[in-house]
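Whatever order the structure lists ligands and atoms in, that order sets their numbers, starting from 1.
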Amino acid sequence: MKAKQTIKDIDLNGKRVFCRVDFNVPMENGNVSDDTRIRAAIPTIEYMAEKGAKVILASHLGRPKGEAKDELRLTAAGERLAELLQKDVKKLDESIGENVEKAVAEMKNGDILLLENVRFHAGEEKNDAELAKQFATLADVFVNDAFGAAHRAHASTAGIAEFIPAVSGFLMEKELDVLGKALSNPERPFTAIIGGAKVKDKIGVIDNLLDNVDNLLIGGGLSYTFTKAEGYETGNSLVEEDKIELAQSFIQKAKEKNVKLYLPVDAVVADAFSESATVKTVKIDEIPEGWMGLDIGPATAEMYADVIKNSKLVIWNGPMGVFEMEPFANGTKQVAVAMAETEAYTVIGGGDSAAAVEKFDVADKMDHVSTGGGASLEFMEGKELPGVTVLQDK
Ligand SMILES: Nc1ncnc2c1ncn2[C@@H]1O[C@H](COP(=O)(O)OP(=O)(O)O)[C@@H](O)[C@H]1O
Ligand SMILES: O=C(OP(=O)(O)O)[C@H](O)COP(=O)(O)O
């Protein structure tokens, strides 16, 4: 992928900038419960304001499906942004129309305006050209800093770039740089850890990773499709029956490519998907009928921690078990701790994996925690991200 122009490559003074950010943050009782994505956008916003731009911020929040929904307004996100910037942020209740145009016309250089949730308009997710044009008429330039939404071809992430020049913000630049380097010029041994529950979403990533990595560690719900492919009984564990053949082909591909593919050798199994279930640890070929694997076992965790410690680059997407429940948290915790202790460059992608490293208090020991789940996965799969494709090449 060619390098994209950034806000450093353009003159911002006096310019009206439509800056797409990803303020799709977790909310609880009307408050922002995790402001990671807001904090991640601060360097771009501060830089543009300091350079004299009129900064018009736009984001989605949740999936309102084309209607205004009070609980999905960006008011609380705007308040948090103002606190973090220690600067006024004018929040509007609309993202297009006369009031917005008037507010933009009144902006002075360095002012910051936050538009309402762009998904209140059905045209946003349809990438409607008319809506994109209305966004574009507000500004002289489009800055995309919403890495977390870069895999979406929507009016405010992609369509708008048909009408005004488009460059990336610093967060977008950093995410593409870190993830791009990890894939194109990796330090070795290069290890990828894939887990979690979205088997269908992740199985495609594995194919691409097998062309790049030295070690591939499989854990979480994903691993039982592989152990089934190896011929073991999996009881009631999560298995994607129609992906077993694909898993077999990956086991074969790993051999051909000389990639060390690690599968669990033991599992923590339970007689129900519940914190209060009866729990025991078994060898991977001894999962009893009616029981389900909900975490990697201690021997697997130790083996995976060793590989992590002997790597130079590790990327991790998807927890090793149902870490939200105490009896099944240990595998994910041990992997998180190994990630914190290794000298390797460590990259975390995916909402639940990021939550896991937060929970185990090691987030600040990771080299890069990506703000994008779906976006980082699609990027790692080698897919084009529409929100990046539309940006001007250097
Ligand atoms: N063995 C398992 N069986 C069922 N669910 C699992 C298992 N291991 C992990 N999970 C669940 O997977 C979820 C995260 O999966 P996923 O969404 O794919 O990860 P991420 O958000 O990091 O990409 C967690 O909520 C976790 O409880
Ligand atoms: O939270 C997001 O994605 P993620 O959960 O995959 O990181 C992005 O803001 C995209 O949101 P969407 O999946 O509703 O398009």
Discussion item. Check Asp393 with Lys4, please: is the shortest side-chain N to carboxylate O separation under 4.0 Å?
Written reply: yes
Worksheet item: Less than 4.0 Å between a side-chain N and a carboxylate O, is that true for Lys253 and Asp207?
Response: yes
Response to the item:
Contacts for ligand 2, heavy atom under 4.0 Å, by chain and number, are Asp22, Asn24, Arg37, His60, Arg63, Arg119, Gly148, Arg152, Gly372, Gly373, Gly374
Discussion item. Using modelled atom types and a 3.5 Å cut-off, is there a donor and acceptor pairing between side-chain atoms of Tyr304 and backbone atoms of Tyr262?
Written reply: yes
Discussion item. Looking at Ser156, is its backbone amide N or carbonyl O close enough to the side chain of Glu124 to form a donor-acceptor pair, meaning the two atoms are under 3.5 Å apart?
Written reply: yes
[X], [atom1] atom: more than 12 neighbouring heavy atoms under 6.0 Å:
X      : atom1 : value
Glu302 : CD    : no
Lys108 : NZ    : no
Asn99  : CG    : no

Worksheet item: Does the separation of the ring centres of Tyr47 and Phe170 fall below 6.0 angstrom?
Response: yes
Fill in: Donor-acceptor side-chain pairing of Glu173 and Ser168 below 3.5 angstrom
no
Worksheet item: For ligand 1, what is the set of protein residues having any non-hydrogen atom at a distance below 4.0 Å?
Response: Gly196, Ala197, Lys198, Lys202, Gly220, Gly221, Tyr224, Gly293, Leu294, Asn317, Gly318, Pro319, Gly321, Val322, Glu324, Gly350, Gly351, Asp352, Ser353
